[in-house]
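Notes follow the structure.
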Amino acid sequence: MTNKTYELYGSVLKGTKFAEEHGNEAYIPYSDDCTALKQPIKIGKYTAANRIEYQPMEGQDSDLEGTPTEQTFKRYTELAKGGAALLWFEAVSVCQDGKSNPYQLCITDENVSEFKRLVKTMKDACKEANGFEPIIIIQLNHSGRYSKPNGIPEPITAYFNPDIDDNPKKIATDEFIKSLTPLFVKSALLAAEAGFDGVDIKACHSYLMSELFSAFDRKGIYGGSFENRTRFFSDVTKAVFDALPENIIRAARVNVYDGFGGKYSYGESKDGKMFDLTEANELVDIFEKHGGQLLNVTMGSPYRNPDVSRPYRPGLDKPKSDALYGLYRLWRGAEEIKKAHPGLVIVNTGISCLGENVSFAAMGAAKEGITDFVGFGRMSLAYPCIAKDILNGNFDPKKVCVACGGCSTLKKNVLRSGCIVRNPYYKEIFKDFRKKEK
Ligand SMILES: Cc1cc2nc3c(=O)[nH]c(=O)nc-3n(C[C@H](O)[C@H](O)[C@H](O)COP(=O)(O)O)c2cc1C
């Protein structure tokens with residue numbers, strides 16, 4: 001860690017053992033020069049106007065069929081005006097049973113026209129506010145062990161995991177897993193019809209596809225060897241990418257490291273300290289071989305180790321590890337993957353824990369070329385126009401995400417999810433929730 005990094009991000013480090021434990025090993029880039037962040041970049045046939053991406057953030061505000069509601073339109077209109085060139089639309093389920101909650105979006109023949117209207121609304125809003133059309137990627141998923149389509153857990157797991165299962169849950173059969181590929185293809189084609197510019201096959205955060213990566217003990221064609229554990233990812237990316245019209249961006253969001261420790265964890269290094277990207281790099285090779293172009297690199301699980309997947313400061317929950325180290329690990333992982341795959345466009349994640357220092361880190365990351373896009377997750381909920389404000393030199397530290405965990409608390413409790421600190425609509429939802437809790 002350089003002196004500059006320490007000086008700048010000191011507020012995040014306060015009260016932690018980070019400096020002692022990680023000393024010179026960790027480094028977060030810093031710059032106050034916005035030039036690199038403003039540089040356009042090509043993704044397939046598209047050109048993104050800048051290097052800021054808004055991450056997929058489930059809002060849990062669809063109707064029970066998975067159709068966008070008025071609140072979905074409101075949320076995305078606000079985000080689209082925000083000035084990020086790349087908008088990564090939240091997880092959309094490929095079937096009703098695989099939803100993470102009753103209000104997760106699900107694209108179907110019946111509601112594709114509403115998705116189309118939503119995409120057009122977003123593009124128009126961005127064009128009017130920023131003078132360019134954003135690139136919009138849809139994320140497709142099956143929630144697997146975290147399926148909750150009727151508001152109570154209805155898990156479909158990749159395997160029995162003695163670290164977290166006290167009794168065998170419903171384990172997905174080979175036939176079941178195979179039957180999902182056509183659902184991904186169908187949803188992807190509907191997304192193309194709706195006007196999305198790209199399709200992301202979600203393979204992260206312990207949902208079904210990513211859980212299979214650690215199915216070391218599973219029997220049959222989806223467990224054991226690396227080839228078997230990644231078969232579902234390989235089959236789906238191939239089938240979807242082959243089926244999509246040529247102009248649509250082929251994308252994925254992948255876990256390159258689970259960080260659970262123990263036997264059932266993917267990407268674990270032998271000393272358990274950082275990560276071992278050997279398998280992740282091979283996985284990304286498969287993605288690239290199938291025509292993948294845009295890769296969003298992530299780690300951990302929001303359900304098991306949120307400090308790894310979205311570093312946070314002490315707030316509603318106490319983190320198990322230091323936020324800055326978590327961010328360093330996420331960024332370092334993405335940087336390593338980028339170095340090994342120079343033909344891909346890479347998005348990194350985790351910046352929101354930096355609070356008032358995000359603008360310097362974003363500029364630094366772009367300037368040093370450790371990523372192609374700097375991804376903003378929780379920060380985009382707290383401060384939807386942050387991209388525009390950073391790029392125009394109007395960044396306001398008073399509007400930032402405080403990484404308190406409020407949006408996640410709403411999500412966990414099957415409520416509409418957003419920023420409980422900066423957005424009055426979600427503040428009220430949170431207040432009501434707290435009242436009912438008492
Ligand atoms: C409320 C909430 C909803 C999320 N929804 C999604 C999602 O739909 N898909 C996904 O891949 N990640 C999702 N994430 C993870 C974020 O995209 C992101 O990886 C994480 O928040 C770390 O980035 P940040 O530090 O900028 O917030 C969600 C996180 C939160 C807190």
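Side chains included, hydrogens not; waters and symmetry mates left out as well; all remaining heavy atoms used. Both counts, for ligands and for their atoms, begin at 1 and track the order of listing.
- Close contacts of ligand 1 with T349, meaning ligand atoms under 4.0 Å from a residue heavy atom, involve 18 (C), 19 (O), 22 (C), 23 (O).
- Of the N or O atoms in K202, one or more lie within a sub-3.5 Å distance of an N or O in ligand 1.
- Ligand 1 places these atoms under 4.0 Å from at least one heavy atom of I351: 25 (O), 26 (O).
- Numbered from 1 in the order shown, with element, the atoms of ligand 1 that lie under 4.0 Å from a heavy atom of S352 read 24 (P), 25 (O), 26 (O), 27 (O).
- Between F196 and F89, the angle of the ring planes goes over 60°, which puts this pair in the perpendicular group of the 30/60° scheme.
- Between A91 and ligand 1, at least one pair of N/O atoms sits closer than 3.5 Å.
- Counting heavy atoms from C-beta on, the side chains of E53 and N296 come closer than 4.5 Å.
- The existence of a salt bridge linking D165 and R145 is confirmed by a sub-4.0 Å separation between a basic side-chain nitrogen and an acidic carboxylate oxygen.
- By heavy-atom distance, the residue among S380, S309, C204 lying nearest atom 22 (C) of ligand 1 is S309.
- Heavy-atom contacts of S417 reach the following atoms of ligand 1: 1 (C) (cutoff under 4.0 Å).
- Classification of R229 and E279 as a salt-bridged pair holds, one side-chain N sitting under 4.0 Å from a carboxylate O.
- Checked by atom type, the side-chain pair R310/S408 shows a donor-acceptor distance below 3.5 Å.
- The distance criterion of under 3.5 Å between nitrogen or oxygen atoms is met by P56 with respect to ligand 1.
- Aromatic ring pairs are classed by plane angle as parallel below 30°, tilted from 30° to 60° and perpendicular above 60°; the pair F213 and Y266 is tilted.
- Ring orientation note: the planes of F376 and Y54 are nearly perpendicular, at an angle over 60° on the 30°/60° scale.
- Atoms of ligand 1 found under 4.0 Å from any heavy atom of K411 (numbered from 1 in listed order, with element): 1 (C), 2 (C), 3 (C).
- Heavy-atom proximity to H205, at under 4.0 Å, picks out these atoms of ligand 1: 11 (O), 12 (N).
- Of the polar atoms of E58, at least one N or O is found under 3.5 Å from an N or O of ligand 1, judged by distance alone.
- In the vicinity of Q55, heavy-atom distances shorter than 4.0 Å reach the ligand 1 atoms 17 (O).
- For a threshold of 3.5 Å applied to N or O pairs, the pair formed by R378 and ligand 1 contains at least one separation below that value.
- The aromatic rings of Y222 and F232 stand perpendicular to each other, their planes meeting at an angle above 60°, with 30° marking the opposite boundary.
- Annotation for ligand 1: atoms under 4.0 Å from non-hydrogen atoms of Q139 are 7 (C), 8 (O), 9 (N), 10 (C), 11 (O).
- One finds no salt bridge joining K74 and D61 here, because no Lys/Arg side-chain nitrogen approaches an Asp/Glu carboxylate oxygen to under 4.0 Å.
- Taking only non-hydrogen atoms, the option from R253, E53, R310, M57 nearest to atom 12 (N) of ligand 1 is R253.
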